[in-house]
Amino acid sequence: ELKVEQNPLFLSMQEGKNYTIYCNYSTTSDRLYWYRQDPGKSLESLFVLLSNGAVKQEGRLMASLDTKARLSTLHITAAVHDLSATYFCAVDLLGTASKLTFGTGTRLQVTL
Amino acid sequence: DVKVTQSSRYLVKRTGEKVFLECVQDMDHENMFWYRQDPGLGLRLIYFSYDVKMKEKGDIPEGYSVSREKKERFSLILESASTNQTSMYLCASSLWAGGLSNYGYTFGSGTRLTVV
């Protein structure tokens with residue numbers, strides 16, 4: 001059974017600071033997705049990582065994938081309040097987007 | 001530019017009622033999914049469907065059923081609503097391209113259901 005673990009579960013950080021969210025998974029996969037969820041809203045796609053060593057960046061967020069370590073990271077650079085949200089990673093074991101397994105989510109709170 | 005539409009944003013139903021949650025996608029996706037999301041429990045898969053009239057149980061199907069009569073529509077049915085089914089329900093769809101997918105899921109806006 002595929003297990004996907006994120007840590008930390010909750011992160012409070014000051015504006016301007018850097019931090020990393022980790023996503024570990026238990027079974028080999030080379031397809032991983034990151035989603036963002038604002039309070040009371042649905043999930044929106046942030047990054048699609050499709051191979052070992054993949055790195056994607058959008059603004060202050062950068063995601064990477066190490067399939068050998070079964071680890072993905074979401075790095076936040078110089079956080080701003082607008083980044084406050086819950087972030088989920090999701091692993092696609094079959095590679096066909098037919099059944100993603102989601103992590104428990106990391107709730108990020110950026111304070112002034 | 002709406003792609004996955006859930007019919008209700010908020011819904012309040014009484015215990016014992018039969019509840020229908022509707023989801024429609026306009027992207028011609030083969031795969032459709034229903035999740036529920038609860039604090040501390042993340043997203044849990046209820047049912048999914050790979051094609052019209054096909055359905056597969058997810059991790060927590062008890063108390064739910066689904067219907068997929070048309071490719072674009074996937075309905076979640078609570079046969080007899082109970083208070084422990086109060087939750088946020090998320091519908092999602094994905095494209096099956098005959099092999100590896102590069103796109104993941106597209107989610108609907110969610111339905112917050114309260115059973116009283």
Side-chain angles (χ1 to χ4, degrees), chain A residues 1-10 21 23-25 28-52 54 56 63 65 67 72 74 85-107 109, chain B residues 1-6 8-10 23 25 27 29-51 54-60 87-114:
Chain A
E1 180 191 345
L2 173 62
K3 291 191 189 304
V4 182
E5 294 181 345
Q6 287 182 237
N7 69 83
L9 298 182
F10 177 73
I21 298 170
C23 173
N24 292 89
Y25 53 97
T28 301
S29 172
D30 60 3
R31 265 165 170 71
L32 189 139
Y33 304 88
W34 283 96
Y35 292 87
R36 169 183 170 143
Q37 185 180 36
D38 292 303
K41 302 286 179 63
S42 189
L43 279 72
E44 64 172 298
S45 179
L46 280 178
F47 297 111
V48 177
L49 303 170
L50 301 176
S51 61
N52 185 40
K56 295 281 184 71
L65 179 61
T67 58
S72 179
L74 180 65
T86 300
Y87 294 86
F88 290 91
C89 63
V91 176
D92 187 353
L93 187 61
L94 300 176
T96 56
S98 54
K99 192 179 175 188
L100 272 59
T101 301
F102 286 82
T104 47
T106 296
R107 187 168 149 234
Q109 186 175 65
Chain B
D1 189 38
V2 176
K3 295 180 176 175
V4 179
T5 303
Q6 292 184 232
S8 303
R9 190 82 179 87
Y10 298 95
C23 177
Q25 51 94 4
M27 297 171 288
H29 284 177
E30 287 79 10
N31 304 325
M32 295 189 75
F33 310 86
W34 275 105
Y35 286 84
R36 66 176 281 177
Q37 184 179 21
D38 301 287
L41 297 176
L43 276 74
R44 293 183 291 169
L45 181 63
I46 305 171
Y47 267 96
F48 57 107
S49 169
Y50 292 147
D51 201 351
M54 291 184 67
K55 59 185 178 185
E56 299 279 345
K57 290 181 180 179
D59 301 318
I60 52 163
S87 185
M88 168 73 101
Y89 289 88
L90 295 169
C91 175
S93 70
S94 69
L95 176 67
W96 183 73
L100 296 176
S101 171
N102 297 338
Y103 303 105
Y105 289 179
T106 300
F107 281 89
S109 54
T111 296
R112 186 164 293 282
L113 173 68
T114 303

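Just so it is clear: chains get the letters A, B, ... in the order the sequence lines come, proteins before strands, and each one is counted from 1.
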note = Honestly, the part of B:Leu45 sitting under 4.5 Å from a heavy atom of chain A is side chain

message = Less than 4.5 Å to any heavy atom of chain A: does that hold for the side chain of B:Arg9, its backbone, both, or neither?
response = side chain

task = Quick one: closest heavy-atom pair of A:Lys41 and B:Met88, and the distance?
result = O-CE, 4.3 Å

Please table the atom pairs, donor to acceptor, closer than 3.5 Å between any side-chain atom in residues 106-114 of chain B and protein atoms at least two apart or in another chain.
| unit_1 | atom_1 | unit_2 | atom_2 | d |
| --- | --- | --- | --- | --- |
| B:Thr111 | OG1 | B:Gln6 | NE2 | 3.3 |
| B:Thr111 | OG1 | B:Ser8 | O | 2.5 |

remark   = side-chain contact (heavy atoms from CB on, under 4.5 Å) test vs B:Leu43 passes for just one of A:Leu43, A:Thr104, A:Thr101, namely A:Leu43

Point-to-point distance, once rounded to the nearest 0.5 Å, from CD of B:Gln37 to CZ of A:Phe102 = 9.5 Å

query = Considering only heavy atoms, which portion of A:Gln6 lies under 4.5 Å from any heavy atom of chain B: side chain, backbone, both, or neither?
reply = neither

query = Where do A:Lys99 and B:Tyr105 come nearest, in terms of heavy atoms and distance?
reply = CA-OH, 3.4 Å

